[in-house]
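Take a look at the structure below.
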Amino acid sequence: MSNKFMTRAIELSIKSVNSGTGPFGAVIVKDNQIISEGFNTVTLTNDPTSHAEIVAIRIACKSLDNFSLEGCDLYTTCEPCPMCLSAIYWARVSKIYYANTRDDAKKIDFSDALIYEELSKTIKERIIPMNQMMRDEASKAFDLWDKKKDKVKY
């Protein structure tokens, strides 16, 4: 744990606000060195997935030429939202350090409570309708993957 890495994430969050987008910043650290930085660019890029953590993960993976960030720590200015937390798990980040909480974010109109609520519901109970279709046809790709000898598991 290092204050200098969280300080840098906070600097990025302020840069984000001054750039006209949300107050979030993140850095990814490996071997006590920052390997990537990110800040929220959602409204700058019209990309709802470009949260600070996602931006930092994308840059870190490119920098390391690997989809796994095992051995890396993430410093982020806010408790990760469900999307970012999922990406963090998929990327295998080793540890998360955060500053503000989701309740702090809610107070400034960045609430992810609805998403947490939706995730706990069954598919049929969710606000956005989900309809399964063409499972048999789609399962062909799954069967090919399952039988593939040289697959890279992730």
Side-chain angles (χ1 to χ4, degrees), residues 1-17 19 21-105 110-121 123 126 128 130 132 134-135 137-154:
M1 179 174 15
S2 171
N3 287 353
K4 77 175 181 177
F5 299 133
M6 185 59 78
T7 298
R8 180 60 185 149
I10 292 166
E11 290 169 356
L12 291 166
S13 71
I14 292 167
K15 177 180 180 181
S16 183
V17 172
S19 297
T21 190
F24 306 99
V27 298
I28 296 179
V29 175
K30 184 172 182 143
D31 300 326
N32 212 32
Q33 297 288 330
I34 294 175
I35 60 167
S36 71
E37 300 180 340
F39 62 88
N40 184 295
T41 61
V42 170
T43 59
L44 295 176
T45 61
N46 293 319
D47 178 354
T49 68
S50 61
H51 291 197
E53 297 92 336
I54 301 291
V55 171
I57 287 169
R58 289 174 180 158
I59 294 168
C61 289
K62 282 185 182 180
S63 172
L64 296 175
D65 195 27
N66 199 323
F67 58 83
S68 174
L69 297 178
E70 264 183 86
C72 294
D73 296 336
L74 171 75
Y75 290 79
T76 181
T77 57
C78 191
E79 178 182 355
C81 75
M83 175 186 69
C84 292
L85 190 58
S86 296
I88 290 162
Y89 274 96
W90 278 111
R92 299 184 182 104
V93 170
S94 296
K95 194 174 285 186
I96 303 167
Y97 299 98
Y98 67 95
N100 297 304
T101 67
R102 70 174 96 159
D103 290 330
D104 296 328
F110 285 96
S111 179
D112 50 18
L114 173 69
I115 300 168
Y116 280 107
E117 290 168 16
E118 286 291 293
L119 290 173
S120 68
K121 294 178 181 178
I123 288 174
R126 293 183 183 158
I128 299 175
M130 293 178 64
Q132 186 177 24
M134 298 184 69
R135 181 177 180 200
E137 293 82 355
S139 69
K140 291 174 186 167
F142 277 28
D143 292 339
L144 284 170
W145 176 259
D146 190 43
K147 293 174 184 156
K148 190 172 175 64
K149 301 278 188 233
D150 61 342
K151 62 186 163 196
V152 177
K153 293 184 181 182
Y154 62 95

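Side-chain atoms are counted along with the backbone in the values below, which use heavy atoms only and exclude waters and symmetry mates.
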Side chains of [X] and [Y] in contact at under 4.5 Å (non-hydrogen atoms):
| X | Y | answer |
| --- | --- | --- |
| F24 | T76 | no |
| C84 | I54 | yes |
| I88 | P80 | yes |
| P82 | D112 | yes |
| I96 | L85 | yes |

Any chance you could measure [X], atom [atom1], to [Y], atom [atom2], to the nearest 0.5 Å?
| X | Y | atom1 | atom2 | result |
| --- | --- | --- | --- | --- |
| L69 | L74 | CG | CG | 9.0 Å |
| I115 | S86 | CD1 | OG | 10.0 Å |
| M134 | K140 | CE | NZ | 8.5 Å |
| E118 | I128 | CD | CD1 | 7.0 Å |
| Y98 | E53 | OH | CD | 12.5 Å |
| R8 | K4 | CZ | NZ | 12.5 Å |

Given K149, K153, K147, the one that forms side-chain contact (heavy atoms from CB on, under 4.5 Å) with K151: K153
Can any side-chain N or O of [X] pair as donor or acceptor with the backbone N or O of [Y] at less than 3.5 Å?
| X | Y | answer |
| --- | --- | --- |
| Y75 | S2 | yes |
| T101 | D104 | yes |
| T77 | G25 | yes |
| N66 | S68 | yes |

Would you name the heavy atoms of [X] and [Y] that are closest together and state the gap between them?
| X | Y | result |
| --- | --- | --- |
| A52 | G38 | CB-O, 3.7 Å |
| Q33 | F5 | N-CZ, 4.4 Å |
| L119 | R126 | O-NH2, 3.7 Å |
| G71 | S94 | N-OG, 2.7 Å |
| A60 | I35 | CB-CD1, 3.9 Å |

Is it true that, when you exclude K121 itself, more than 12 heavy atoms of the residues, nucleotides or ligands shown sit nearer than 6.0 Å to its NZ? yes
If you count heavy atoms of other groups shown closer than 6.0 angstrom to CG of D143, is the number above 12? yes
Side chains of S63 and S36 only: does a donor on one sit below 3.5 Å from an acceptor on the other? no
Could you verify whether a donor N or O on one side chain and an acceptor N or O on the other, from T21 and S16, lie under 3.5 Å apart? no
Run the side-chain contact (heavy atoms from CB on, under 4.5 Å) check on C72 and L64 step by step: do they pass? CA-CA 11 Å; C72 294; L64 296 175; 4.1 Å; yes
side-chain contact (heavy atoms from CB on, under 4.5 Å) for F39 and V55? Distances and angles first, verdict last. CA-CA 7 Å; F39 62 88; V55 171; over 6 Å; no
What verdict does the side-chain contact (heavy atoms from CB on, under 4.5 Å) test give for I57 and I28, after you've listed the backbone C-alpha separation in whole Å, the side-chain angles of each residue and the deciding distance to 0.1 Å? CA-CA 7 Å; I57 287 169; I28 296 179; 3.9 Å; yes
Check the pair Y154 / W90 against side-chain contact (heavy atoms from CB on, under 4.5 Å), numbers first and verdict last. CA-CA 8 Å; Y154 62 95; W90 278 111; 4.3 Å; yes
